[in-house]
Every structure is written in C-alpha cells, then in structure tokens.
Amino acid sequence: QVVNYAPFTLLPSAVPSALFEEAYAVQQDFNLLVDAISQNKEFLEHTLASTIKVDDFTARLFRIHQQVLEEGLAQSVFLGINRSDYMFDCGVDGTAALKQIEINTIAASFGGLTSRTVAVHRRVLQVLGKPEKASRLLPNNPSKGLALGIAKAWELYGSPSAVVMFLVEEVQRNIFDQRCVENELWNRNIRVIRKRFRDVFEKGSLDSARRLYMDGQEVAVVYYREGYVPENYDQQNWEARLLLERSKAVKCPDIATQLAGTKKVQQELSRPGMLEKLLPSHTEAVMRIRATFAGLYSLDMGEEGDQIVAAAIADPDRFVLKPQREGGGNNLYGEELRQVLEKTRDSPERTSYILMDKIRPQPAMNYLLRAHSPLQASECISELGIFGVYVRQGKEMVMNKAAGHLLRTKAIEHADGGVAAGVAVLDTPYLV
Ligand code: ADP
Ligand code: MG
C-alpha cells in the first residue's frame, strides 16, 4: 500500500469571474432538471431506447430501474449530489464562454480533497510575497456542503439509530476524499459505515417494509462512490445493487438519477423544446441552462445521424466522440474518431456514442506537481466543476443548493481524463 499526495498545480489558475458566477447561478437549475428527469419514466425510456439496444451496461441499469418501478418505490426521500463540469470556450473574437462538458450524477468526487486546496494555494502565494493575492482566493468547502445534504436526507428518513453507508470500491484509491465528507457527518453525530457491493451481497437484507439492514444495522442513506462503470459489477454485485434499489433507504443517487446523468440524456436535452418540456414554467432556468450547452448530436440511425457522421468524418478535429462511460479516458478524438465512425457508420453500433463539438479553451502556463514526477512548466487548460446538492421529500424540494466548486487543470497534450485517471490535477480558481 502506498500513500501519495494528490496532484495539484503550483499556482492558482485565472478564471473569468463572470463565467464563475454564471456556473454557480445555473447550478440550482441543473439540480431541478436532473431531479425532473429522474421522475420522468417516459423521457428516460424514449431517450435511452436506442442506447440500451447496443450498450449492455446502460441496459442493465435500465432494467433495474424498470423493475423497481414495477414493484413500486419504497423510497420517499431523494438525495442528489452532482457535479456539473465546464470549460471556457474561446471564441474567434477572443471572448470566453461557459460550456458544459457533462454532469456527473453518481460518485462525483474530489469535493473532499478540494476543500483543502485553497489553503495550499494561499500558502504558495504568501511564500511568493503576494499576500494581497493570497487573500483574494475564495473559500471553498464542498465537504461540508455535501455532508449537509446527506445529513438532511438522514434526518428526513426519520430513524435516529440508522446509519449512513458509503458504498465504496474494492480497491479504495480515493479514500481520503471520501473521509473528508465522512468526518463532517461524524461531527454531526451521524454514524457512517463503509461497505462494498460484496458486503451488501453477503450481509444486506430487507425487512417486510423494505427497510435496509447491514449486519442487523438499519441503513438510512446509501452514498455510492462506486457502481458507475461496468467493471464495478459481477453477477453478485448486480444482485446487491438491485437489493439496494428496492430498499426504502435514500440512495444517492437512486438508479433513475444515475440514468439521468448518461451522455445520451445530455445529448437529447439539447434538442429544441426539450428543456421546456422537462421544466415547464421555468422559463429563466431553461435559458440559463441552454446557454451552457455546446453542440451535441445524436448518432441514431436515420438521416440526421448520417449527416453528422459524414460531417465528423470530413472534419474530425471539430468534434469529440463519447461512449456511455464515466471516469475519464473513454472519449475519441481526431484520427481515432474518424476511424471508429468509418467502421460503424452503417451499423447500429454507432448509437452507443454521442458526438459533441470540441471546446477550445485558452491555454495558460502552470506547474503540475505529482508525486515522483519532475517539475516542469506546461501549457495547461482547466475544467471547472460546481457541486450541486438537493433533497426531495415526496414531491417537495426541501433543499436545493450549490455546494462549492472544483477546478482541475491538465497539460494541453492530454485530450481526455481527470484527476483519478492521472491526467488532471487539483487547482484553485483565481478570479479575474
Ligand atoms: P467522463 O465521464 O469520462 O469524465 P467527460 O465528458 O467528462 O467524460 O470527458 C472526459 C474529458 O474529456 C473531460 O474532462 C475533458 O477534459 C475532455 N472533454 C470532454 N468533452 C469535451 C469537449 N466537448 N471538448 C473538449 N474536451 C472535452
Ligand atoms: Mg468528466
């Protein structure tokens, strides 16, 4: 076992304050939208119809979703923790625009570790003799914001002796990030246990009211930090997932909310009129959300799909090709994108991907600090994430907040990949 420090930039990175504020201002809207999608069975069914024919992982999640709806939901309190990620797209006239990369509705990470990065960068600026700049760095504490959401859901569940269960990976590479959130819960006298799918398979059970028990201990909230990629599941783990989803416990997220975060859903949201349908009578929220969308294109079979495939083969550098996967390192660019599209252009296999306009941020110099790596200046680009937290009881939203931010920075030669993938590092925005 090896313990390393998490990678970080030496210096904070400049972020346009107007775009930073725009990202915060739209977060409650995104919370509402994700929650609305999760309750819209027809939309999910219709949107994912082509995907589940060719993508086995999404299909299995979808089957559990249908199964729990058929049985009737035991869960009545809902907790969403998401992170909406953006880049600053640089237009031809040099102005930057906030463009969403994706929204993560399951296991959105680094809220814990990044609660500590401001202190690191403040110190660096002080050491460099720039105390005035150091004092301008904004405070940021997503750990606390996420924990407040979990605590609210725990309280509404209404059983003071019940625990919060973090559902964690087999190999726990990012445990310290999770501990930051966990500690905030213990500080509020809420007990936390850490278990794997395998433990749930072996020791989890439901009583006649579908209350969830682990080792005889009632579980109020299940917070998934696992379960978002096919590699997380074997047959037993799928059974454990079904048990959790059938239970009365508050799942963060429930399976419908996980599906709401798929790339296919993101692409369908960009169709004209779709946001209006999902969020009727929220005209301004719809406008704020739409302003952050980059061009997104369906590869479903038919004329619309044929046209965009031809355009992408002709000019692959304009686009990013994305499969229905999370966790970084899955997207295709340039020549590789062209080859995959040429191979799949006449087959339904192409519908397991979506196409997206490539966002082009203005690079800036920084130093990326990684354990055991030499220090060198690199041209870098940054991705800003805003954490969203909401709690719904029945039909009523009882909490809807932006809970802090995450800035990740990487060298421009890497087209893809986050901190966990070993590409991006933790950063702090310096508003300009
Ligand atoms: P994942 O679910 O794997 O995190 P993302 O959609 O976040 O998938 O893509 C992974 C990475 O690829 C992002 O962090 C970003 O660096 C890069 N990326 C994704 N979409 C775009 C885009 N439209 N333009 C430029 N870079 C992108
Ligand atoms: Mg991502």
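Atoms within each ligand, like the ligands themselves, are counted from 1 in listed order. Given the structure is predicted, the values throughout are model-derived calculations rather than measurements. Side chains included, hydrogens not; waters and symmetry mates left out as well; all remaining heavy atoms used. Along the sequence shown, residues carry numbers from 1.
Taking the six-membered ring where the residue is Trp, Phe57 and Trp238 present tilted rings, their angle falling between 30° and 60°. Using cut-offs of 30° and 60° on the angle between ring planes, the pair Phe30 and Phe293 is tilted. Using the six-membered ring where Trp is involved, Tyr223 and Phe166 have ring planes that are perpendicular, over 60° apart on the 30 and 60° scheme.
For the residue pair Gln258 and Asp254, no side-chain donor N or O sits within less than 3.5 Å of a side-chain acceptor on the partner. Checked by atom type, the side-chain pair Thr9/His121 shows a donor-acceptor distance below 3.5 Å. With 3.5 Å as the limit, one finds a donor-acceptor pair spanning the side chains of Asn82 and Asn31. Residues Thr344 and Ser347 bring no donor and acceptor atom of their side chains to less than 3.5 Å of each other.
Contact annotation: for Lys99 versus ligand 1, there are no heavy atoms closer than 4.0 Å. Here Met356 has side-chain heavy atoms under 4.0 Å from ligand 1, and that is the only part of it that gets that close.
Taking the ring axis of Phe78 as reference, the NZ or CZ atom of Arg392 stays within 45° of it and closer than 6.0 Å to the ring centre. Figure legend: cation-pi geometry between Lys248 and Tyr157, with NZ or CZ positioned under 6.0 Å from the six-membered ring centre and within 45° of its axis.
Distances below 4.0 Å separate heavy atoms of Gly327 from the following atoms of ligand 1: 1 (P), 2 (O), 3 (O). Residue-ligand proximity, Arg325 to ligand 1, at heavy-atom distances under 4.0 Å covers atoms 2 (O). Within ligand 1, the atoms closer than 4.0 Å to a non-hydrogen atom of Met87 are 15 (C), 16 (O), numbered from 1 in the order shown. Of all the atoms in ligand 1, the ones that sit under 4.0 Å from a non-hydrogen atom of Lys410 are 15 (C), 16 (O).
Nearest non-hydrogen protein atom to atom 22 (C) of ligand 1 is Val320 CG2, 3.6 Å. Of the protein's non-hydrogen atoms, Asp416 OD1, 3.2 Å is the one closest to atom 11 (C) of ligand 1. The single protein non-hydrogen atom nearest to atom 7 (O) of ligand 1 is Glu102 OE2, 2.8 Å, given as residue, atom name and distance. For atom 9 (O) of ligand 1, the closest heavy atom belonging to the protein is Asn331 ND2, 2.9 Å. Closest to atom 18 (N) of ligand 1, if we only count protein heavy atoms, is Tyr333 OH, 3.6 Å. In terms of protein heavy-atom proximity, atom 24 (N) of ligand 1 is nearest to Ile359 N, 2.8 Å. When only non-hydrogen protein atoms are considered, atom 23 (N) of ligand 1 lies nearest to Asp357 O, 2.9 Å.
Assignment of Ile381 to the shell around ligand 1 is not supported, since no heavy atom sits closer than 4.0 Å. The closest approach between any non-hydrogen atom of Tyr228 and ligand 1 is not below 4.0 Å. Within the structure, the closest approach of Ile101 to ligand 1 falls below 4.0 Å when heavy atoms are considered. Ligand 1 is approached by Gly328 to a heavy-atom distance shorter than 4.0 Å. By the 4.0 Å heavy-atom criterion, Arg360 is excluded from the residues contacting ligand 1.
Below 3.5 Å of separation, one finds no N or O of Asn104 facing any N or O of ligand 1. Residue-to-ligand polar distances keep Lys358 apart from ligand 1: every N/O pair is separated by 3.5 Å or more.
Residue side and main chain included, Glu102 places an N/O/S atom under 2.8 Å of the Mg ion (ligand 2).
Of all heavy-atom pairs between Glu326 and Gly261, the closest is OE2-O, 3.8 Å.
A salt bridge links Arg408 and Asp85; the closest N-O separation between the charged side-chain nitrogens and carboxylate oxygens is under 4.0 Å. Contact check on Arg196 versus Glu226 returns no salt bridge, with no Lys/Arg side-chain nitrogen under 4.0 Å from an Asp/Glu carboxylate oxygen.
Arg188 places a side-chain heavy atom less than 4.5 Å from the side chain of Leu148.
Distances from atom 8 (O) of ligand 1 to the heavy atoms of Glu326, Lys263, Glu383 show the closest one on Lys263. When the heavy-atom distances from atom 6 (O) of ligand 1 to His414, Gln266, Gln324, Lys322 are ranked, the shortest goes to Lys322.
Judged purely by atom type and a 3.5 angstrom limit, Thr257 has no side-chain atom pairing as donor or acceptor with the backbone of Pro253.
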